Protein chains: 2
Amino acid sequence: MVKKKKQQTLSTEDKILAAARKVFTTKGKAAARMQDIADEAGINKALLHYYFRDKNKLFDTIFLAEAKKFFPRINMIFELEAPLFEKIEKFVAEYVDEMRINPYLPLFVLNEINHDPKRFLQKIWGKGTMPKPEKFLQQLDSEIKKGTIRKIQPMQLLMNMISLTIFPFVAEPMFTYVLRMPDKKFDELMEQRKVEIPQFIIASIKK
Amino acid sequence: MVKKKKQQTLSTEDKILAAARKVFTTKGKAAARMQDIADEAGINKALLHYYFRDKNKLFDTIFLAEAKKFFPRINMIFELEAPLFEKIEKFVAEYVDEMRINPYLPLFVLNEINHDPKRFLQKIWGKGTMPKPEKFLQQLDSEIKKGTIRKIQPMQLLMNMISLTIFPFVAEPMFTYVLRMPDKKFDELMEQRKVEIPQFIIASIKK
DNA sequence: GTCTATAATTTGATAGAC
DNA sequence: GTCTATCAAATTATAGAC
């Protein structure tokens, strides 16, 4: 018995959070209006300030929650104990699943980090969750020495893996336009990529 | 004799454009302040409005110029008449060079498109420059049939190529932080990618 | 063309009734 | 907790002198 709510109706706080999430992630922090959020939540501005003192506090709450969906999965591949190819498959599948649900996620997070890196580093990201890529990079080194995969700079391979997985979601509007692709077709392609990306990587590095 | 300017000092209009470009691309449209731009240009706000009627007009001027640096190169690979592997190398090298000079470029463009796709499609992108990927996709099909490269969905390969090339620049702040990488090291890695990416792709698809 | 001063508008935030 | 009304601050835009 985890959830106590018996009603389907959300609490005011939850309505605000859902509305704020929608407005902030689609418009960005600077362009988001407190009035937009109030309208979206079906309440008035004063109530926003009652629950969350000001716009910055509300934004931080949302951003932190979204960043937690985005980053821990990168961490995961660094921590996970598994054979290399299995790790790659798992990483790609998890990320694609997350982003098919929340396609706005990477662009929102990357953009806000870019606009205010210091705030992000100091206030948002606690030192406890600092990712440690060393283990994964060492695993790559070790596989190269064993001769399982061809010689390649581990850092480059890591970048390739992350780029292949995340970028299409960052560039969705561009892709659907440049390639004249309906949203449904795009979503199908993303689903296929859970297989396509690991295949592409492994075909490139396996000896 | 292309450039007529004999003085090193820029015209007021050029100073404004340079300042606006810097402020818009680093802060984004919504967070950019006319005062910031005036300060950066070393003039006052009134003069901004004298040269460009309002913020929207100024922004459109900047965005259009930046988008033109970003998109035509995608178009290039669609139009170019060359063997496949050569095309890939050329595409990657051109893009990486452009983005090493303007690392902010892809995130700025993709973000503003995302925040207002209709404005972008209707006002900014003329139908004349509409990219036509068909030729490139057909070339891939043809190479697969010839047996030069393994079976792969052309659309997926195209996405892979673009993702590998552009994403690191979108995610620079994340990479330099997560991988604890000084800016100089990042720039070195990007230079290497001009070779690394074509190698990575070709190793994956060549038969 | 360029400036100072100021108007007009937008927007975040608060006071106070219910 | 929730609302209406209002204030205060920030920001775009203009008027008018030089």
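Small disclaimer: the values here were computed from a predicted structure and weren't measured. So you know, we letter chains A, B, ... as the sequences are listed, proteins then strands, and number each from 1.
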For this session: To the nearest Å, give me how far apart CD1 (B:Ile16) and P (C:dG1) are.
Result: 10 Å

Seminar exercise, completed: Tightest non-hydrogen contact, residues B:Glu112 and B:Gly28, listed as OE2-CA, 3.6 Å

Seminar exercise, completed: So the salt bridge (charged side-chain N to carboxylate O under 4.0 Å, His left out) pairs with at least one residue in residues 74-85 of chain B (sequence neighbours excluded) are B:Glu81-B:Lys135

Problem set entry | By side chain to side chain donor-acceptor pair (under 3.5 Å) - contacts of B:Lys87 (at least two apart) | B:Gln139

Exercise. When all nucleic acid strands are considered with a 4.0 Å heavy-atom cut-off, which category describes B:Tyr50: base, sugar-phosphate, or nothing?
Worked result: base

Seminar exercise, completed: So side chain to side chain donor-acceptor pair (under 3.5 Å) across residues 161-172 of chain B, not counting sequence neighbours, yields none

Problem set entry | Nearest-Å distance for atom pair NZ/C1', residues A:Lys57 and C:dG12 | 14 Å

Problem set entry | The single option from A:Gln192, A:Met181, A:Glu196 passing side chain to side chain contact (heavy atoms under 4.5 Å, CB included) against B:Met155 | A:Met181

For this session: Measure the spacing between CZ of B:Phe59 and CZ of B:Arg21 and express it to the nearest 0.5 Å.
Result: 13.5 Å

Exercise. Is the closest basic N to carboxylate O distance between B:Asp39 and B:Arg33 below 4.0 Å?
Worked result: no

For this session: Establish, with yes or no, whether the OP1 or OP2 oxygen of D:dC3 is under 4.0 angstrom from a side-chain nitrogen or oxygen of A:Asn44.
Result: yes

Exercise. To the nearest angstrom, how far is A:Asp39 atom CG from C:dT11 atom P?
Worked result: 12 Å

Tabulated below should be each protein N or O lying under 3.5 Å from an N or O of nucleotides 16-18 of chain D; please produce it.
none

Seminar exercise, completed: To the nearest angstrom, the CG-C1' distance between B:Leu48 and C:dT2 comes to 12 Å

Exercise. In whole angstrom, what separates A:Leu47's CG from D:dA5's C1'?
Worked result: 16 Å

Problem set entry | Selection residues 75-107 of chain A - residue pairs positive for ring-ring contact (aromatic ring centres under 6.0 Å, His included), sequence neighbours left out | A:Phe70-A:Tyr95, A:Phe91-A:Tyr95

For this session: Would you give a per-nucleotide map of nucleotides 6-13 of chain D, 5' to 3', where B means the base has a protein non-hydrogen atom under 4.0 Å away, S means only the sugar-phosphate does, and - means neither?
Result: -----SBB

